Q: 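Below is a structure I'd like to ask you about.
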Amino acid sequence: MSQLNPQQQAAVRYIDGPLLVLAGAGSGKTSVISNKISYLIETCNIAPRHIAAVTFTNKAAREMKQRVTGLLESKSAKGLTVSTFHNLGLNFIRSERKAFGFKAGFSIFDAEDSRTLIKELTVRDSDLDADHIDRIQHQISHWKNALESPERAFSKAESKGEQAIALIYRRYCEALRAYNAVDFDDLIMLPVTLLQTDGEIRRRWQAKLHYLLVDEYQDTNAAQYELIRLLSGDRNAITVVGDDDQSIYAWRGARPENMAQLKTDFPDLQVIKLEQNYRSTARILDAANSLIANNPHLFEKSLWSDLGFGDPIRLTRCANEEAEAEHVVNEILNMRIEKRCHFRDFAVLYRGNHQARILEMKLQSQGVPYQLSGGTSFFSRTEIKDIMGYLRLMVNPDDDNALLRIINTPRRGIGAATLEKLGAYANRREISLYAAIGEFGMQETLTPQQQEPLEHFKLWFDRVTGNCLSGEPISALREMLDDIDYQGWLYQNTSSDSVAENRMRNIHLLFEQLARTIDDAEQADSLDADGSRAIESAIAKLVVRDLLDRQEEESANDKVQLMTLHASKGLEFPHVFMIGMEEALLPHRSSIEEGNIEEERRLTYVGVTRARQTLNMTLAGKRRQYGETSATIPSRFLDEIPEHHMERYGFGDSTPEQQKQRGKESLDSLKELFA
DNA sequence: AATCCTGGAGTTTTT
DNA sequence: CTCCAGGATT
């Protein structure tokens with residue numbers, strides 16, 4: 001506590017009502033939340049099980065939990081909830097499963113599963129093109145995040161097309177029900193609907209939660225906000241921490257207006273600003289402040305730091321994107337020697353993932369180690385989706401999606417025609433595909449060659465399931481892998497052996513994680529009172545991910561970090577490069593077209609504020625895109641950074657003399673600022 | 001079931 | 001231009 005500045009301390013101590021902490025970049029918000037949790041436990045004597053802290057990513061949740069545990073002196077954190085919104089929702093659904101009408105072992109559909117299901121639904125519906133699937137999926141997700149039921153969506157629809165999508169939305173929900181499944185959005189939406197309609201359950205949860213803390217509040221969507229409001233009840237014991245200037249996820253439903261909404265919904269809201277930055281030099285912060293001042297603001301705030309003026313921001317105009325990448329690599333190599341630092345101290349940030357490609361080439365050719373973050377996430381890799389399919393079907397035989405994924409992977413001679421008949425029959429009888437296999441009615445429609453592999457599969461899978469649920473799940477699963485010779489199938493289906501090896505490693509990683517999660521589930525008592533088995537809960541937890549970040553941490557050796565501006569939020573690096581500072585790239589073309597410049601500016605702001613010591617910006621004079629090379633225009637955001645903080649290279653319009661002059665002005669103005 | 005071919009898109013992404 | 005998905009072809 002003594003480590004905190006007065007504002008931070010005030011934010012920790014204020015517990016008499018709802019509190020909004022406006023935490024600027026690098027102002028120690030994680031510290032505040034962690035310290036507040038420990039303060040609530042140690043000083044206010046609130047039992048950990050009555051406190052919940054909510055984050056957006058597993059990584060953030062894990063870090064916070066760790067810090068709280070480290071801060072606690074005399075008490076234990078046992079029973080404390082620090083989890084993601086989705087995890088909290090999942091726990092809620094699990095413990096109120098019966099009220100929802102789900103069977104044990106319900107599946108969680110990820111985006112890919114949802115897409116498959118929507119495709120299935122639209123194909124049968126001939127008056128809708130299949131190429132609108134992405135739009136439909138997006139729209140459904142949007143409705144769910146806005147808490148719109150299919151019925152409401154239909155009645156609000158403004159066109160025939162929208163009505164048609166609303167009808168698919170309804171069938172999509174029905175299908176999920178039939179599959180005993182929920183999707184990611186349901187993890188938030190379903191708890192909200194139940195809390196709204198069931199007073200008894202609402203009171204029970206409100207009685208359980210005495211204090212609620214929310215991180216990255218500017219990223220909450222309508223459903224998440226409603227969940228927070230319902231859980232906090234009229235106790236109003238709630239602290240939310242956020243920064244509207246770092247709201248960069250409006251495109252996926254985040255509503256930074258939720259910050260303003262708080263003032264209306266909680267009239268006695270206290271607001272505390274954290275403006276001291278412990279990360280960056282004064283120049284970098286002044287640049288960031290000037291930039292973001294071009295956005296309208298609900299709450300004015302201005303970051304400052306006492307870490308010294310620092311180096312000017314360097315802006316280099318390169319001939320083309322190739323020269324740009326080369327320049328960045330050379331700079332990194334030079335700076336590493338000059339500043340005596342490590343590769344891991346550098347980050348290269350960009351707007352779009354494709355920008356990483358040239359960079360990768362140049363880094364490789366110079367032998368610079370790098371870590372590319374982003375890319376396909378662990379749980380969307382084919383091998384993991386395959387094995388998860390087996391696991392899901394094991395605990396939830398109604399999950400037709402899972403069955404379809406794995407029934408012929410590896411090949412079992414069960415083809416499209418067979419599945420077509422099976423589907424038609426199951427549909428008629430209103431049972432799941434798995435249940436339909438081997439029924440008498442089925443046998444008439446299938447040829448013996450079709451029937452045999454199906455029934456063989458079911459017999460085998462029933463046995464595997466039995467082994468897995470009764471005895472040692474992990475060894476039963478390894479046995480299953482041998483049975484189906486999954487390894488052989490991998491080697492046969494991948495271009496090189498190293499890819500197959502890697503995939504096999506991933507599967508073992510998954511098993512290890514599953515074993516750990518089962519242990520956790522067996523120990524946790526409170527939320528699993530519905531009598532479901534540990535493995536069911538473990539598989540559900542796996543789907544909401546907890547593996548990816550862990551892997552990244554392990555491999556974070558001495559490597560240059562490459563990532564999108566979005567992915568950089570929450571991180572910091574001694575030396576930051578922002579590349580592609582051009583109109584149409586940053587701000588992105590589509591954002592210009594949609595008139596959404598403010599979010600692009602915030603994105604730039606996030607990038608700038610990642611830097612501790614130096615910030616290097618680059619742009620390419622000519623860029624090749626869509627086959628043709630054309631001249632670029634420097635990003636408008638560059639003009640919003642005070643010229644006296646910038647050192648321009650490659651613009652040809654400023655002599656070293658002018659540079660020096662600006663450098664003087666810059667120092668003078670900074671001195672004035674700090675006088 | 002595997003492979004080739006064509007067409008369309010080409011921001012950001014967690015759970 | 002380059003990549004991927006999905007369809008068509010073998």
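Below, read A as the first sequence line, B as the second, and so on, with proteins coming before strands; counting in each chain starts at 1. Because the structure is a prediction, the values reported are computed rather than measured.
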Q: On the nucleotide dG6(C), are OP1 or OP2 found under 4.0 Å from the side-chain N or O atoms that Lys119(A) carries?
A: yes
Q: Expressed as a whole number of Å, how far does the P atom of dC4(C) sit from that of dT13(B)?
A: 16 Å
Q: Please say whether more than 12 non-hydrogen atoms of neighbouring residues, nucleotides or ligands are located less than 6.0 Å from CD in Glu628(A).
A: no
Q: Judged by each residue's nearest nucleotide on DNA chain B, which is more toward the 5′ side, Gly413(A) or Thr84(A)?
A: Gly413(A)
Q: At under 4.0 Å, does any side-chain N or O of His86(A) touch on OP1 or OP2 of dT15(B)?
A: no
Q: For Arg589(A), answer base if it contacts any base atom (sugar-phosphate contacts may also be present), sugar-phosphate if it contacts only those atoms, and nothing otherwise; contact means non-hydrogen atoms under 4.0 Å.
A: nothing
Q: Is His588(A) stacked against the base of dT11(B), taking the criterion as centroid distance under 5.5 angstrom and interplanar angle under 30°?
A: yes
Q: Check this one for me: any side-chain N or O of Asn353(A) less than 4.0 Å away from OP1 or OP2 of dG10(B)?
A: no
Q: Compute both the distance and the angle, then confirm whether Arg392(A) meets the cation-pi test with Tyr179(A): under 6.0 Å from the six-membered ring centre, within 45 degrees of the axis.
A: no
Q: Of the nucleotides dT12(B), dA2(B), dT14(B), which one has an atom closest to the side chain of Arg411(A)?
A: dA2(B)
Q: dT15(B) P sits how many Å from Met388(A) CE, rounded?
A: 14 Å
Q: Take the protein atom CD1 of Ile93(A) and the nucleotide atom P of dT15(B), then report the distance between them rounded to whole Å.
A: 17 Å
Q: Base, sugar-phosphate, or nothing: which does Arg357(A) touch, judged by heavy atoms less than 4.0 Å apart?
A: sugar-phosphate
Q: Please report the distance separating the P of dT14(B) from the corresponding atom of dC3(C), rounded so that it comes out in whole Å.
A: 23 Å
Q: Between Glu593(A) (CD) and dT11(B) (C1'), how many Å, whole number?
A: 12 Å
Q: Classify the nucleic acid contact of Thr564(A) as base, sugar-phosphate or nothing, counting any heavy atom under 4.0 Å across all strands shown.
A: sugar-phosphate
Q: Give one of base, sugar-phosphate or nothing for Asn596(A), where a contact means two heavy atoms less than 4.0 Å apart.
A: nothing
Q: Quickly work out the Phe184(A) CZ to dT13(B) C1' distance and round it to whole Å.
A: 12 Å
Q: Regarding Glu594(A), tell me which of base, sugar-phosphate or nothing describes its non-hydrogen contacts under 4.0 Å with the strands shown.
A: base
Q: Provide, to the nearest angstrom, the distance between the CG atom belonging to Asp134(A) and the P atom belonging to dT12(B).
A: 14 Å
Q: Need one value for Asp185(A): base, sugar-phosphate or nothing, where a base atom within 4.0 Å counts as base even if backbone is also close, heavy atoms only.
A: nothing
Q: Heavy atoms only, 4.0 Å cut-off, all strands: where does Phe56(A) land among base, sugar-phosphate and nothing?
A: sugar-phosphate
Q: In whole Å, what separates the P atom of dC1(C) from that of dT12(B)?
A: 22 Å
Q: Might you point out which heavy atoms bring Tyr350(A) and Leu562(A) nearest each other, and give the distance in Å?
A: OH-C, 3.4 Å
Q: Check the distance between dT14(B)'s P and Phe85(A)'s CZ and give it to me in whole angstrom.
A: 17 Å
Q: Could you give the CD-to-C1' distance, from Gln625(A) to dC1(C), as a whole number of Å?
A: 11 Å
Q: Identify whether the distance between the nearest side-chain nitrogen and carboxylate oxygen of Arg115(A) and Asp134(A) falls below 4.0 Å.
A: yes
Q: Strictly below 4.0 Å, N to O, side chains only: are Asp219(A) and Arg255(A) in salt-bridge contact?
A: no
Q: Centroid distance below 5.5 Å plus an interplanar angle below 30 degrees: do Tyr626(A) and dC1(C) meet both conditions?
A: no
Q: Both Ser590(A) and Ile414(A) contact DNA chain B. Which one's nearest nucleotide lies toward the 5' end?
A: Ile414(A)
Q: Decide whether a cation-pi geometry holds between Arg97(A) and Phe100(A); the criteria are a distance under 6.0 Å from NZ or CZ to the six-membered ring centre and an angle within 45° of the ring axis.
A: no
Q: Of the listed nucleotides (dA1(B), dG6(C), dT15(B)), which one gets closest to any side-chain atom of Asn408(A)?
A: dA1(B)
Q: Please verify the inter-ring angle class for His566(A) with Trp251(A); under 30° counts as parallel, over 60° as perpendicular, anything in between as tilted.
A: perpendicular
Q: Rounding to a whole Å, what distance do you find between Leu565(A):CG and dT14(B):C1'?
A: 17 Å
